[in-house]
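Written out below as structure tokens is the structure these notes cover.
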Amino acid sequence: MELPFAESFRIKMVEEIYRSTREEREKWIEEKNYNLFNLESQKVFIDLLTDSGTGAMSDKQWAEIMTGDESYAGSQSFQKLKATINKITGYEYVLPTHQGRAAENVLFSALVKEGNVIPGNSHFDTTKGHIEMRKAHAIDCTIDEAFDSELIHPFKGNIDLQKLEEQYKKHGKENIPFTLITITCNSSGGQPVSVDNIRKVKALSDQYGIPIFFDSARFAENAYFIKEREEEFKNHSIKEIAKIVFDLGDGMTMSSKKDGLVNIGGFIALNNEELYKICGNFGIIYEGYLSYGGLAGRDLAALSQGLHEATEYDYLKSRISQIEYLGNKLIEYGIPIQKPIGGHAIFIDATKFLPHVKREEFPAQTLGIELYKEAGVRGVEIGTILADRDPETRENRYPKLELLRLAIPRRTYMQSHMDYIAVALKNIFDRREEIKTGYEITWEADILRHFTVELKKK
């Protein structure tokens, strides 16, 4: 008999979490104006709000923490990190930042101007925010298959070449500073992008003289799916696949709090020295000196080790198998999720789960609140609230998918936690006909409203 898969790590330290009552949770969420972001962490039993910076570091990473070089300039920790990034990505120039959105801020300050168009595959919320605050436009060119949650397609993060070329013809390279490929594509359900698609995007972009950049927060998970689903690469290592992907682009931004396996950090990596110098100046203004970028030396050292660990197959197999386990449990219970199961999270199709809740009453947010009240599990809405208002008309934007994302922190929860989450959702699903109304906004920020929005029951 073949031995079953088992994680290639063991637990050395545990953290106690408080198990609250439903009455407590109903009171707490009402006090926080039904915004799950506002909840204090001790009031959450299983926290799936994000996988960003919420995972557990390894013993080797903690060892790096203890030997970090805190020199302001020329830190040995930075030199170690730079060498790691050079090896994994092939990009020569590295600028650390304190997190992913900081990397976006620095790079976009150098490249994005008012009126520009940045095409890509379902830009993430902060990415779109940084584009739109500069009075530019983020254009979604994701394949249509991504928006049918029941359809099985191995690479739902792929870019539609026809949609992309329409943008190139319409706006020209003078108005398109770059095309952004997000790997994996969070907003379409943690879905991967194939090497074949990236090659075709590269060939098309070269014809029009338009650079390609990667939003690389989950690049290792994307490489895992390429290895598993793209025949050409089944015998390649994760590191080899990552290098092949990055060779097709001109640079990258990274939220290291995902596939860097650290609790804070980000970076920009480039091959263009002139662009590096421009970004470096913005980096000094916004983040700190070139060799620390808002991070302590110990954080740089832990990130260097984390990037090595995140690009190992056994780690990725463990990570993604846990997410598949939860997803398959939900499918077994008849719960509608984005299929195939993504790399870092389960995305529940809230419009199918709660068919009686109107789009303008935010079904994904409604489901998230119900899940918290039911079981103390915190997820996040990837739907109308997150999509924000159109910056010109100020009307709500209704995305093609209204999703509740359950992002699984890395190396943090156990299988019993996955079973608990699945049963909690089944309990809500069994009484879904009783949930007929959602919520309305009482206050919101002008941009990225989902972080601070205030709601009340309809």
Side-chain angles (χ1 to χ4, degrees), residues 7-15 50-72 74-100 102-103 183 214 216-224 237-243 245-246 252-269 287-288 290-320 322 343-344 408-412:
E7 285 80 2
S8 55
F9 61 86
R10 59 189 177 193
I11 296 167
K12 186 174 284 188
M13 184 175 69
V14 296
E15 176 185 0
T50 181
D51 62 322
S52 178
T54 56
M57 290 198 298
S58 70
D59 54 349
K60 293 182 177 67
Q61 287 182 284
W62 280 107
E64 292 289 344
I65 289 276
M66 299 305 295
T67 59
D69 178 0
E70 302 303 336
S71 301
Y72 183 93
S75 159
Q76 294 176 67
S77 296
F78 171 71
Q79 294 171 44
K80 185 182 294 185
L81 174 62
K82 183 177 184 296
T84 299
I85 295 170
N86 292 159
K87 182 177 181 180
I88 290 174
T89 70
Y91 296 142
E92 182 178 354
Y93 302 103
V94 175
L95 281 171
T97 62
H98 79 273
Q99 64 182 73
I183 49 175
F214 295 103
S216 309
R218 300 177 180 88
F219 78 93
E221 292 171 14
N222 197 83
Y224 174 88
S237 71
I238 299 299
K239 287 182 172 66
E240 287 170 341
I241 295 169
K243 180 66 165 50
V245 168
F246 289 126
M252 61 182 284
T253 60
M254 174 79 179
S255 171
S256 304
K257 296 161 69 176
K258 285 86 167 175
D259 278 353
L261 303 184
V262 288
N263 304 123
I264 196 68
F267 62 86
I268 299 166
E287 294 294 294
L290 301 173
S291 59
Y292 78 90
L295 295 171
R298 55 185 174 269
D299 297 320
L300 300 171
L303 171 55
S304 177
Q305 177 62 31
L307 288 168
H308 283 298
E309 294 177 14
T311 48
E312 289 298 323
Y313 180 82
D314 282 353
Y315 155 73
L316 288 162
K317 175 72 173 175
S318 170
R319 159 111 177 114
I320 292 172
Q322 184 179 54
H344 71 284
I408 312 299
R410 295 162 179 80
R411 305 187 292 204
T412 301

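Here the structure is a predicted model, which is why all the values come from computation and not from measurement.
With rounding to the nearest 0.5 angstrom, the CH2 atom of Trp62 is 6.5 Å from the CE atom of Met13. A distance of 9.0 Å separates CG in Asp69 from OG in Ser291, rounded to the nearest 0.5 Å. Considering CD of Gln99 and CG of Leu295, their distance stands at 9.5 Å, rounded to 0.5 Å. Of the inter-residue distances, the one linking Leu303 atom CG with Lys257 atom NZ reads 12.5 Å to the nearest 0.5 angstrom. In this structure, OH on Tyr91 lies 5.0 Å from CZ on Phe214, to the nearest 0.5 angstrom. Interatomic distance, Thr412 OG1 to Gln322 CD, rounded to the nearest 0.5 Å: 8.5 Å.
Annotation for Val262 and Ser256: closest pair CG2-O, 3.3 Å, computed over non-hydrogen atoms. Considering every non-hydrogen atom in both Ala302 and Met57, the closest pair reads CB-SD, 4.0 Å. Nearest heavy-atom pair across Gly343 and Ile320 is O-CG1, 3.7 Å. The shortest heavy-atom contact between Gly68 and Ala301 is CA-CB, 4.5 Å.
Within a 6.0 Å sphere centred on CD of Gln76, other residues, nucleotides and ligands contribute 12 heavy atoms or fewer.
Side-chain contact check for Tyr315 versus Leu261: some heavy-atom pair is nearer than 4.5 Å. When side chains are defined from C-beta on, Tyr72 counts as touching Tyr292, because their heavy atoms get closer than 4.5 Å. Between Phe9 and Ser318, some side-chain heavy-atom pair lies under the 4.5 Å cut-off.
Residues Lys258 and Asp51 are not paired through a salt bridge, judged by the lack of any N-O separation under 4.0 Å between the basic side chain and the carboxylate. Salt-bridge annotation for Arg411 and Glu309: present, with a side-chain N of the basic residue lying under 4.0 Å from a carboxylate O of the acidic one.
Side chain of Asp259 to backbone of Phe219: a donor-acceptor contact under 3.5 angstrom is found. At least one donor-acceptor pair closer than 3.5 Å links the side chain of Arg319 to the backbone N or O of Ile408. Side chain of Glu287 to backbone of Gly294: no donor-acceptor contact under 3.5 angstrom is found. Using a distance-only test at 3.5 Å, with no hydrogens or angles considered, no donor-acceptor pair links the side chain of Lys80 to the main chain of Ser75. In this structure, the side chain of Ser77 engages the main chain of Gly297 through a donor-acceptor pair within 3.5 Å.
When the options Asp314, Asn222, Thr311, Ile88 are evaluated for a side-chain contact (heavy atoms from CB on, under 4.5 Å) with Ile238, the one that passes is Thr311. Of the listed residues (Gln305, Gln79, His308), just one forms a side-chain hydrogen bond (donor to acceptor under 3.5 Å, both in side chains) with Thr84, and that residue is His308. Screening Ile268, Leu290, Asn86 for a side-chain contact (heavy atoms from CB on, under 4.5 Å) involving Val94 leaves a single residue, Asn86. Exactly one of Thr97, Leu307, Thr89 qualifies for a side-chain contact (heavy atoms from CB on, under 4.5 Å) with Met254. That residue is Leu307.
A donor-acceptor contact closer than 3.5 angstrom is absent between the side chains of Glu64 and Ser304.
Under the side chain to side chain contact (heavy atoms under 4.5 Å, CB included) criterion, Ser237 pairs with Lys239, Glu240, sequence neighbours left out.
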